[in-house]
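Worksheet for the structure shown next.
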Amino acid sequence: MNGRLVAMLVALLRFAFVFVLVTSAWLFLVVPALGFMLGSRPRPELPAEPVLHADSRLDRHGAIWHCHTAGLARDRGYAAGRLTSPMMTAHEGELFRTLRELVPWFPVRHAILGLVNLNNRDLGSFFLPDELEAVAGIARGYQDAGDPNAAVAPAFGRILGYHALHDVSQYLIDNPLIVAPQVGCSAVAVDAEHSADGHVLVGRLFDFEGGRSFDFDKVVYTIAPSAEGDVRRLRHVHVAWGGMHGAVTGMNEAGLWLSVNAGISDHFAYRGRPLVVAVLRALETCATIDEAVAQLAAQPVFVSESVVIASGRAAPGQPVAVCVELAPGRHHVRAIDGGRLVVTNHFEHPAWAADVANQARRRDGTTTARNARLHELLRATPKHTPLTVATMLRDRRGEGGRDLGFGHRSSINSWIGAHLVVADLTAGVLWVAEPQHGLGRMLAFDANGPRPDLEPLPPADDLALFATAGAHWSERLSAARRLVVARAPQAATACRELIDANPQHYEPYALLAAVTQASDPSEAARLLREALARRPAYAAEQRELAARLAALVERGF
């Protein structure tokens with residue numbers, strides 16, 4: 001009887017082993033491979049050979065790349081792909097490295113990439129014909145410039161997929177297999193009554209941790225589209241990256257501004273139209289806030305986003321700025337209130353009050369703290385200028401001016417921003433910050449190109465501090481975390497060096513407490529109190545540190 005039972009158990013274990021092996025093979029090899037096959041697309045044939053328009057050019061304006069493209073969509077795409085190919089190469093390399101850091105285990109990384117490709121197998125169906133021609137033009141231009149990643153996948157499929165990167169990354173944020181970066185974009189607008197010269201002002205800080213090149217090699221595009229069909233085409237300027245037929249921050253010749261902040265809601269779809277493509281379409285074809293709202297509301301988006309839309313030419317009695325809180329299948333519009341509008345990374349319209357995901361973001365993320373600080377700074381200055389708007393978006397203090405140190409994720413500018421842009425929409429001018437992270441000089445552009453006749457806005461006071469202490473802060477902090485986890489002998493020294501460099505930041509104290517907890521519980525308790533007094537950025541961190549301290553207090557320390 002016992003022998004029979006043992007034999008049954010052995011057979012069961014063998015079956016379980018084979019089942020797990022086969023399931024894992026399907027999950028990590030077969031299904032991703034299917035995704036790669038279905039998601040890899042050859043470049044479609046263009047109706048005519050793209051040409052490098054005589055007016056298309058790439059030049060350097062201060063420390064900012066400027067790319068002007070003109071002509072039909074396929075020609076503008078070709079110019080962007082060919083002229084910005086060095087930036088595209090740098091961006092792709094850093095995206096690959098960032099992915100390896102966020103998903104260090106190869107089988108999981110392979111599975112995620114394959115599943116994303118499988119999910120995006122019909123992504124092209126959400127692009128309009130001229131948009132597909134633009135992406136095909138980008139791919140052709142990149143190939144003509146010597147695409148160094150051609151062996152990875154065809155350029156067209158890669159570039160098409162990159163246009164959904166902003167959307168796809170959002171539905172990976174809560175994946176337990178991924179150490180995902182947190183979101184932190186912030187935007188403000190003020191009406192004519194609250195500006196010094198009676199103009200409508202708007203600004204945004206776009207946080208993105210894709211890599212250093214997204215800040216240092218950002219591209220200001222000025223676009224002069226040719227007429228295509230019976231659709232009105234407006235000149236526009238937007239800030240993005242090499243080889244992108246999409247926009248996250250921009251303004252057109254009609255004085256209309258659009259910018260994107262990541263949001264969250266209970267409403268979700270796995271496939272849809274990439275928002276950056278929809279925003280670029282609105283910049284190119286819409287002259288008023290109402291036109292842009294109607295166009296965006298009709299888009300089959302697949303993640304939740306806030307879109308700030310503002311105008312320097314709004315009709316009397318109409319709001320000069322709104323926030324479209326957009327989710328799959330629904331949207332709500334929040335108009336500027338009291339002459340001021342603040343947008344971070346949660347929805348504020350009352351219709352979202354019962355939305356669980358949005359309420360969790362407000363409670364547990366950094367969005368509420370940044371929102372409150374922006375309101376505080378807006379109220380502190382009765383009449384704003386482009387410089388005061390920029391200064392708000394460079395702020396690194398907490399509510400009430402509390403010193404948080406630098407690199408604190410609940411501050412408005414935690415020094416991870418890819419671009420900072422401020423616009424005077426009435427004058428039709430925007431200023432774009434040179435590196436680093438919105439702290440550099442801000443150079444003027446309009447829909448036609450650089451404006452060297454206008455004085456730059458000065459760099460932030462923090463630029464020198466960043467150069468001496470902040471430039472490698474994130475890397476040093478990450479290295480210290482790894483040393484603490486590994487219980488390395490040099491962990492304590494690394495943590496103390498971080499405290500010396502940034503004494504108001506909470507995390508080095510928390511890390512050093514973990515190092516000393518076994519050998520010196522009293523010192524660990526003191527360090528935890530110091531960390532808690534410095535306001536951890538996230539509610540989860542606050543709870544964890546408080547629990548660790550409570551355990552030590554219970555033991556008498």
Side-chain angles (χ1 to χ4, degrees), residues 44 67 69-81 120 122-138 159-168 204 206 219-241 243-261 269 271-311 322-328 331 333 430 447:
C67 183
T69 66
L72 299 172
R74 64 175 178 269
D75 299 330
R76 301 197 310 271
Y78 181 76
N120 287 347
D122 61 350
L123 181 63
S125 66
F126 295 98
F127 286 65
L128 298 174
D130 63 297
E131 294 166 350
L132 282 176
E133 285 191 19
V135 175
I138 293 169
I159 293 167
L160 191 71
Y162 293 153
H163 283 78
L165 180 64
H166 179 75
D167 313 76
V168 170
R204 69 101 87 255
F206 183 82
V219 180
V220 177
Y221 289 94
T222 49
I223 313 294
S226 295
E228 295 188 60
D230 57 357
V231 178
R232 172 184 55 198
R233 306 285 176 165
L234 300 168
R235 284 178 172 256
H236 50 285
V237 53
H238 71 97
V239 186
W241 303 278
M244 187 170 177
H245 187 74
V248 292
T249 307
M251 174 191 73
N252 67 22
E253 62 179 308
L256 189 71
W257 162 284
L258 288 94
S259 62
V260 178
N261 281 30
R271 289 180 288 174
R273 182 159 164 80
L275 188 66
V276 299
V277 179
V279 167
L280 185 66
R281 191 74 175 189
L283 280 173
E284 189 173 320
T285 61
C286 297
T288 69
I289 290 176
D290 285 347
E291 288 176 1
V293 170
Q295 190 175 115
L296 288 174
Q299 304 302 307
V301 299
F302 60 111
V303 293
S304 299
E305 307 270 3
S306 292
V307 183
V308 176
I309 309 175
S311 174
V322 302
C323 176
V324 182
E325 297 175 343
L326 193 62
H331 76 282
V333 179
L430 56 75

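Here the structure is a predicted model, which means the values were calculated and not measured.
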Counting only N and O atoms by type, is there a donor-acceptor contact under 3.5 Å from the side chain of Glu253 to the main-chain atoms of Arg235?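 Here the side-chain-to-backbone pair exists.
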
Give a yes or no answer on whether the side chain of His245 reaches the backbone of Gly77 with a donor-acceptor pair at less than 3.5 Å.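 Side chain of His245 to backbone of Gly77, a donor-acceptor pair under 3.5 Å: no, none is there.
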
Going from [atom1] on [X] to [atom2] on [Y], what distance comes out if it is rounded to the nearest 0.5 angstrom?
{"X": "Leu258", "Y": "Gln295", "atom1": "CG", "atom2": "CD", "value": "9.0 Å"}
{"X": "Asn261", "Y": "Glu325", "atom1": "CG", "atom2": "CD", "value": "10.5 Å"}
{"X": "Arg273", "Y": "Ser125", "atom1": "CZ", "atom2": "OG", "value": "10.5 Å"}
{"X": "Asn252", "Y": "Ile223", "atom1": "CG", "atom2": "CD1", "value": "12.0 Å"}
{"X": "Leu296", "Y": "Glu305", "atom1": "CG", "atom2": "CD", "value": "10.5 Å"}
{"X": "Leu256", "Y": "Leu234", "atom1": "CG", "atom2": "CG", "value": "9.0 Å"}

So, do [X] and [Y] sit near enough that their side-chain heavy atoms are less than 4.5 Å apart?
{"X": "Leu160", "Y": "Phe127", "value": "yes"}
{"X": "Val237", "Y": "Met251", "value": "yes"}
{"X": "Val293", "Y": "Ile309", "value": "yes"}
{"X": "Trp241", "Y": "Val248", "value": "yes"}

Just jot down the side chain to side chain donor-acceptor pair (under 3.5 Å) partners of Thr249, sequence neighbours excluded, or say none.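 By the side chain to side chain donor-acceptor pair (under 3.5 Å) rule, Thr249 matches Arg204, His419.
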
Looking at every heavy atom in both [X] and [Y], which two are closest together, and how far apart are they?
{"X": "Gly246", "Y": "Ala240", "answer": "O-CB, 4.1 Å"}
{"X": "Ala79", "Y": "Thr69", "answer": "CB-CG2, 3.9 Å"}
{"X": "Ser306", "Y": "Cys323", "answer": "CB-SG, 3.7 Å"}
{"X": "Val260", "Y": "Ala247", "answer": "CG2-O, 4.3 Å"}
{"X": "Arg233", "Y": "Glu284", "answer": "NH1-OE2, 2.6 Å"}
{"X": "Gly243", "Y": "Ile159", "answer": "O-CG2, 4.0 Å"}

Using a strict 4.0 Å threshold on nitrogen-to-oxygen distance, state whether Asp130 and Arg76 make a salt bridge.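 Salt bridge absent between Asp130 and Arg76.
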
Show your reasoning for whether side-chain contact (heavy atoms from CB on, under 4.5 Å) applies to His331 and Leu326. CA-CA 4 Å; His331 76 282; Leu326 193 62; 3.6 Å; yes

Parallel, tilted or perpendicular: which one describes the rings of His238 and Tyr221, with boundaries at 30° and 60°?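 Geometry flag for Tyr221 against His238: parallel rings.
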
